[in-house]
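Notes follow once the structure below has been shown.
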Amino acid sequence: MSTNRKLADEFARMADVLELLGENRFRVAAYQRAARVLGELAENVEDLAGDTNDLVAIEGIGKGLAEKIIEFVETGRIAEHAQTIKKVPKGVLELMAIPGLGPKTLATFWKQADITSLKKLKAAIKTGELETLPRMGKKSVEKLAKSIAFAESAGDRVRLGEALPVALEILEKMRSLKAVVKADYAGSLRRGKETIGDVDILVGVADPEKSAAAVSKAFASMDCVQDVIAAGATKTSVRTDKNLQADLRVVSADQYGAALLYFTGSKENNVAMRERAIRRDLRLNEYGLWKADADMKNPRTHPVAARTEADIFKKLDLAYIEPEMREDRGELSAAEDGTLPDLIKLSDIKAELHAHTVASDGLWSIEELANAAKARGFHTVAVTDHSRAQAVANGLDEKRLIRHIEDVRAADKKISGIRILAGSEVDILSDGKMDYSDKILSQLDLVVASPHMALSQDDAKATKRLLRAIENPYVHIIGHPTGRLINRRAGLQPDMAKLIQAAAETGTALEINAHHWRLDLRDTHARAAIEAGALLAINTDAHGPGDLDHLGFGILTARRAWAEAKHVVNCFTAAKLKKWLTAKRQKMVG
DNA sequence: GCCGTTTTCGGCCCGACTGTTTTCAGTCG
């Protein structure tokens, strides 16, 4: 595990401990923020720990936490934390994962009834002891029991590609209701995050007084609803059969923009926006942007802006910030300065540079792949079947590859309107060597080099391995650089800053693999790559019909990385792409 | 514990819903 991750976990745990101990909530928030920031940091925090100034330059890290980071890097622990953590039993901390159970309630359980583990909590429910505790009635206990069952059955956050269909299905139902004027999914799904905690649905109606109740009822009685967690006048929360929570908010169509802004988040972005409003003598909530002294309860009071998100940004003197960027990662100051990126769009992609055919483990022929790519309006497609090490995927040995190259060249001649490149997805062996000789690689138009095996090797080895691949003159793209599978496999954890630097120096592109299980590179690493001047590729790794549709997930990730079309080789014109494909070889081997 | 177009001290977003309370604390997003 990287030091960044370890420190992020350490601070997150401290936040939990301090919360349980009833510490100042702003101090708790500071720890939570530091944990988030360190988790997202692409640079290796060890490289920054030599100089306090470098650490303090990180948003959310002040003098106090900087000293703690240095202590952790030097000694592997933080003495003060170790002391504090001892005060709270480990089991109590674990109980914080149960939804609806917060620090105050848990502290009461622990101190008044010695409930320090899930086992003890369940026992206390059974014996009725829990009901005797303050503010715990029959209903609270029942709700808690359900919540425990949910926490035990529901595992991780759901992958983007699994949450989206659920949201679309709910939206279709909501839009079919007569009273509904507008409906959208919001939350982390709209921001395109790689995993989704719950599906947020926003509905706009002409008159909430009249129709909110009916809409909420329709939502709570959908077939997929297993459990209603909360059902109020304008806000409803349910658990669906996909083990996903779904939240509905019904607002007046006049205030839809304000509600969409609030409901899309992120929480951190909302806080930053509201703070900005206050500094400008305004107030922002989910009903609108208001004058600071406005009586918002009075229906005759009109907001400064509320109908659209764009109106609100404008009144706050900000350029419109795309949902994918709303993570409090500097987007507000960029929107103020007019330096927001012109984010890449799906229609900017003009080439697929990583796809498989029946020659290895794909489902379609070269022609079928080419026609599918052509149908999407691409000018180029690369055939990149697996190399020999991928025996399970019917990887090609050098002999078969030579023949395959000939087949691709023949197809390229036969099919007009699209250029078909002869490529390969070559395994990066565990020591960084390529699975084919340079002589073979030199015959290919395009080489995607990817790690498939030894994905749990230590960080230093992984860094060396991938650096060696980047430095190979014939490698154009590093495919799914870490090999992670979301919610399934952590993958390699190389020193990303070093890889990015090498990629920038050699003109090697780093792939955002668009499959929703991969999304590898992840958003924060892709952003670091752009900032360092490295190129990205966005590929679907298509194996058959329908797979090119995954591109949308890759685009969302790229937009979260602030990527513009010019940063992504798949957006190059045919001529520019051709030039790029030969540039590295020419530079390195002449 | 962080941070600065009022500030190196004194602030730190805002509202819905629930259950247990007689007016609100706790949790969540």
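When reading the values below, keep in mind they use all heavy atoms of this one structure, side chains included, and skip hydrogens, waters and symmetry mates. Below, chains carry the letters A, B, ... as their sequence lines are ordered, and counting in each starts from 1. Just so it is clear, the model here is predicted, and its values are computed rather than measured.
- Residue contacts shown for A/P99 are limited to sugar-phosphate atoms, with no base heavy atom under 4.0 Å away.
- Annotation for A/K217: atom NZ does not count as buried by contact number, only 12 or fewer foreign heavy atoms lying within 6.0 Å.
- A sub-4.0 Å separation between OP1 or OP2 of B/dG15 and a side-chain N or O of A/N285 is present.
- B/dT20 and B/dT27 have their P atoms separated by 14 Å, given to the nearest Å.
- As judged by a 4.0 angstrom heavy-atom cut-off over every strand, A/M273 is placed among residues making no nucleic acid contact.
- Between A/Q245 and A/E80, the residue whose closest nucleotide on DNA chain B is further toward the 5' end is A/E80.
- Of the two residues near DNA chain B, A/K68 and A/L133, the one whose nearest nucleotide lies more 5' is A/K68.
- Residue A/Y262 places no side-chain N or O under 4.0 Å from the OP1 or OP2 atom of B/dC28.
- Contact annotation: A/R25 side-chain N/O to B/dC12 OP1/OP2 distance is not under 4.0 Å.
- When the shell of 6.0 Å around CD of A/E209 is examined, it contains 12 or fewer heavy atoms from other residues, nucleotides or ligands.
- A gap of 9 Å separates the C1' atoms of B/dC3 and B/dT7, to the nearest Å.
- To the nearest whole angstrom, the two C1' atoms, one in B/dG26 and one in B/dT21, are 13 Å apart.
- The A/R283 side chain lies nearest to B/dC14 when the options are B/dC14, B/dG29, B/dC13.
- By the neighbour-count criterion of 12 heavy atoms within 6.0 Å, atom CG of A/D337 is densely surrounded, having more than that number from other residues, nucleotides or ligands.
- Searching all strands for a Watson-Crick or G-U wobble partner of B/dT8 with both distances below 3.5 Å returns nothing.
- At least one side-chain nitrogen or oxygen of A/R27 sits closer than 4.0 Å to the OP1 or OP2 atom of B/dG1.
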